[in-house]
Amino acid sequence: MGRMDYLAMKTDEVSGEELINADLRDLKNAANNLFKHAAKLGGLGFGTSFLKWVASFAAIYLLILDRTNWKTNMLTALLIPYIFLSFPDVLFDFLRGEVGKWIALVAVVLRLFFPRHFPDWLEMPGSLILLLVVSPNFFAYTIRESWIGTAICLVIGCYLLQEHIRASGGFRNSFTQSHGISNTVGIILLLVYPIWSLVLHFVH
């Protein structure tokens, strides 16, 4: 009888150890899956954030070109709402705060009382600052942070690209004319962020 009890206890101990080992293996697998999924989502989020920075600075670059040596007849004023909708959150919140309000105040005072000292190339940046500061929360957060704002960016990028190709006399000429490569690449960069963001939005 004593031997039977000993064998029963031994069997219970072995089965208990196996159960614990199985549970530990399950926890390990779950932890690995959680890590992989989190890394995947973090990578996609980082890619979207990075492309947003690239798109914003590409739009600023094209805006500078338009005021210096590009001199195109396209409606480049559309770059202002594009920058507004794609501006990285850190810079957007910074310029929407007190700093942006002071910059907007100085720009308005210069434009009203010292128009001769207000250069033409400051018109667009001044408009951007005013838009950042005075836009209602519906546009600043609801529209800007939704897929609608991203879709507007895509429409603006597509319009500027087709207008640039038409003005250059064809897709090949847009890469061969003076300053053509940098302008075309800059406009193409405007398309990468909204396409990537919309694909992620509808896939996930």
dist L91:CG -> L132:CG (nearest 0.5 Å) comes out at 10.0 Å

Do L190 and L62 have side-chain heavy atoms sitting under 4.5 Å apart? yes

Which distance, rounded to the nearest 0.5 Å, do you find between the CD1 of I152 and the OG of S146? 7.5 Å

Value rounded to 0.5 Å, distance of CZ in F57 from CH2 in W53: 5.5 Å

From I187 CD1 over to L161 CG, what is the distance, rounded to the nearest 0.5 angstrom? 6.0 Å

Are V199 and L191 connected in the hydrophobic side-chain network, where two residues link if heavy atoms are under 4.5 Å apart? yes

Taking the side chain as every heavy atom from C-beta outward, state whether Y193 and L154 have any pair of such atoms under 4.5 Å apart. no

Side-chain touch L160/L79, heavy atoms, less than 4.5 angstrom: yes

Joint cluster assignment, Y82 & V134, ILVMFWY side-chain distance < 4.5 Å: yes

If the threshold is 4.0 Å, N to carboxylate O, is there a salt bridge linking D89 and R144? yes

Can you give me the closest heavy-atom contact between L130 and A104, atom names plus distance? CD2-CB, 3.8 Å

How many angstroms lie between CG in L63 and CD1 in I80, if you round to the nearest 0.5 Å? 4.5 Å

Transitive ILVMFWY side-chain link V90 to F94, under 4.5 Å: no

Taking the side chain as everything from C-beta on, heavy atoms only, tell me whether N137 gets closer than 4.5 Å to T142. no

Selection residues 104-116 - residue pairs positive for side chain to side chain donor-acceptor pair (under 3.5 Å), sequence neighbours left out: R111-E123

Which value, rounded to the nearest 0.5 Å, describes the distance between L198 atom CG and T48 atom OG1? 10.5 Å

Just wondering, do P81 and I156 contact through their side chains at under 4.5 Å, heavy atoms? yes

Side chain to side chain, I60 and I83, heavy atoms closer than 4.5 Å: yes

Is there side-chain contact between Y141 and R96, with heavy atoms separated by less than 4.5 Å? yes

Ring-ring centroid check F84 F139, cutoff 6.0 Å: no

Answer with yes or no whether the hydrophobic clustering places V155 together with L131; edges join I, L, V, M, F, W, Y residues whose side-chain heavy atoms lie under 4.5 Å apart. no

Can you tell me if S56 uses its side chain to pair, donor with acceptor, with the backbone of S86 under 3.5 Å? yes

Can you find a heavy atom in the side chain of F87 that is under 4.5 Å from one in the side chain of L95? yes

